[in-house]
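Quick notes on the structure that follows.
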2 protein chains.
Amino acid sequence: MPLLDIGEVSERSGVPASALRYYEEIGLIRSEARRGLRRQYDPDVLLRLSLIGLGKTAGFSLDEIAAMFGADGQPNIPREQLRARADALQRQMIGLRTLRDALRHVADCRAPTHLECPAFRALLKTASRRPLAYTPSRPEPEKKLLPKRRKPGG
Amino acid sequence: MPLLDIGEVSERSGVPASALRYYEEIGLIRSEARRGLRRQYDPDVLLRLSLIGLGKTAGFSLDEIAAMFGADGQPNIPREQLRARADALQRQMIGLRTLRDALRHVADCRAPTHLECPAFRALLKTASRRPLAYTPSRPEPEKKLLPKRRKPGG
DNA sequence: GCTTGACCTCAAGTCGACTTGAATTCGTAG
DNA sequence: CTACGAATTCAAGTCGACTTGAGGTCAAGC
């Protein structure tokens, strides 16, 4: 019988027990059974948690990650979506590189104050123009009137 | 007399009036005078707002940005700090590049499901190992017992 | 004089992803 | 049987950067 206690899952995955309960609450993972009150997890949850971790690393929100698991529980990430994400990362990198180069230039600049450095002034203009911030996937911040807690079995 | 209304500042800078009041509340900008109740801003505030926008773009928190303005109000960004930020961006880029490459690989992978793709499995391991997330400058999340609202004249 | 509308203050709400705390309930070891 | 510790539930708190809303003020135009 390979079912795992929440403590075991937490230790092996590095995800705090409170986070595991939270993930379950929003329907991102599920526990197979209870022993008394205690959740019992199928070891598969460890792989799933790895996937979740990867998704977070890639900048997906938990909602988006949840959407990537099909009804069967198998990860079902459309290849198009992966490519789109890769392209977004690419764009983000370009912005970061520009910023990095500018920062380095300014750091080495001979001008007495940064404001007198032409590169710095140019940077100010571009910075006010582009967002460039780390906005992983919120293209439309449309208003949600939905309740915050979703039922697990939804 | 070149003082600007908050609406004027907002329009020219693109920063909402509510954000301008907030910035003033936390001591990041200041208004020179009042006409009746209305704040009157020195046009210099526009440059300052550009600097603030740049700092945000570079991943600094408002607190950090505030610390970059000396007591005289002139920006005073230590070159060392700029270099450190550039290096952090560099590291962030490397992580993003790795992730981008992996995503592209998986998107093109012939394996029937992602879980059967060796590259994807490798990605899972590395992702669970490193944070790689966008953590601009929170090395030590030490607890603050300070009040949240700071006085402007502090 | 009255209306308009830009501005004001202050408190509270938002968002995401959790954490923390209090009060309670189990399973197991001694 | 009792104690212990690990787990439970539920509500509320956290963080940063603001936004939103209610209710009030003020200057200018008609």
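Just so we're on the same page: letters track the sequence lines, and every chain starts at 1. Side chains included, hydrogens not; waters and symmetry mates left out as well; all remaining heavy atoms used. The structure displayed is predicted, hence computed values, not measured ones.
Remark: the backbone N or O of A/S61 is paired with a side-chain donor or acceptor of A/E64 at under 3.5 angstrom. At distances below 3.5 Å, not a single donor-acceptor pair connects side-chain atoms of A/D5 with backbone N or O atoms of A/G7.
For the pair A/L49 CG and C/dC18 P, the interatomic distance rounds to 11 Å; values are reported in whole Å. The nearest whole Å value for the distance from the CZ atom in A/R34 to the P atom in D/dA6 is 18 Å. Summarising the geometry, the separation between CD on B/E24 and P on D/dC18 is reported as 15 Å, rounded to the nearest angstrom. One can place CG of B/L28 at 13 Å from C1' of D/dG16, the figure rounded to the nearest angstrom. Residue A/L20 contributes atom CG, which lies 13 Å from atom C1' of C/dT19 at whole-angstrom precision. Rounded to a whole Å, the CD1 atom of A/I6 is 13 Å from the P atom of D/dA6. Atom OH in B/Y22 sits roughly 16 Å away from atom P in C/dT9 (whole-Å rounding). Taking atom CD of residue A/E25 and atom P of nucleotide C/dC18, one finds them 12 Å apart after rounding to whole Å.
Contacts of B/S10 classified as side-chain hydrogen bond (donor to acceptor under 3.5 Å, both in side chains), with partners at least two apart in sequence or in another chain: none. Evaluation of the ring-ring contact (aromatic ring centres under 6.0 Å, His included) rule for A/H114 yields A/F120 as partners, not counting sequence neighbours.
Distance from the side chain of A/L62 is smallest for C/dC18 among the nucleotides D/dT19, C/dC8, C/dC18. Here the nucleotide nearest the side chain of B/S61, chosen from D/dA17, D/dT8, C/dT19, is D/dA17. Of the candidates D/dC18, C/dA6, D/dT8, the closest approach to any side-chain atom of B/D5 belongs to C/dA6.
For the segment residues 35-47 of chain A, residues with any heavy atom less than 4.0 angstrom from an atom of DNA chain D are, sorted by number, A/L37, A/R38, A/R39.
The neighbour count for B/E8 CD, taken as heavy atoms of other residues, nucleotides or ligands under 6.0 Å away, is above 12.
The phosphate of D/dT20 has neither OP1 nor OP2 within less than 4.0 Å of any side-chain N or O from B/R21. Distances shown here put a side-chain N or O of B/Y23 below 4.0 Å from the OP1 or OP2 atom of D/dC18.
Between B/A107 and A/R83, the closest heavy-atom pair is O-NH2, 3.4 Å.
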Report the C-alpha separation of B/I6 and B/R21 in whole Å, then their side-chain angles, then the decisive distance to 0.1 Å, and conclude whether the side-chain contact (heavy atoms from CB on, under 4.5 Å) test is met. CA-CA 9 Å; B/I6 199 172; B/R21 290 192 205 96; 3.8 Å; yes

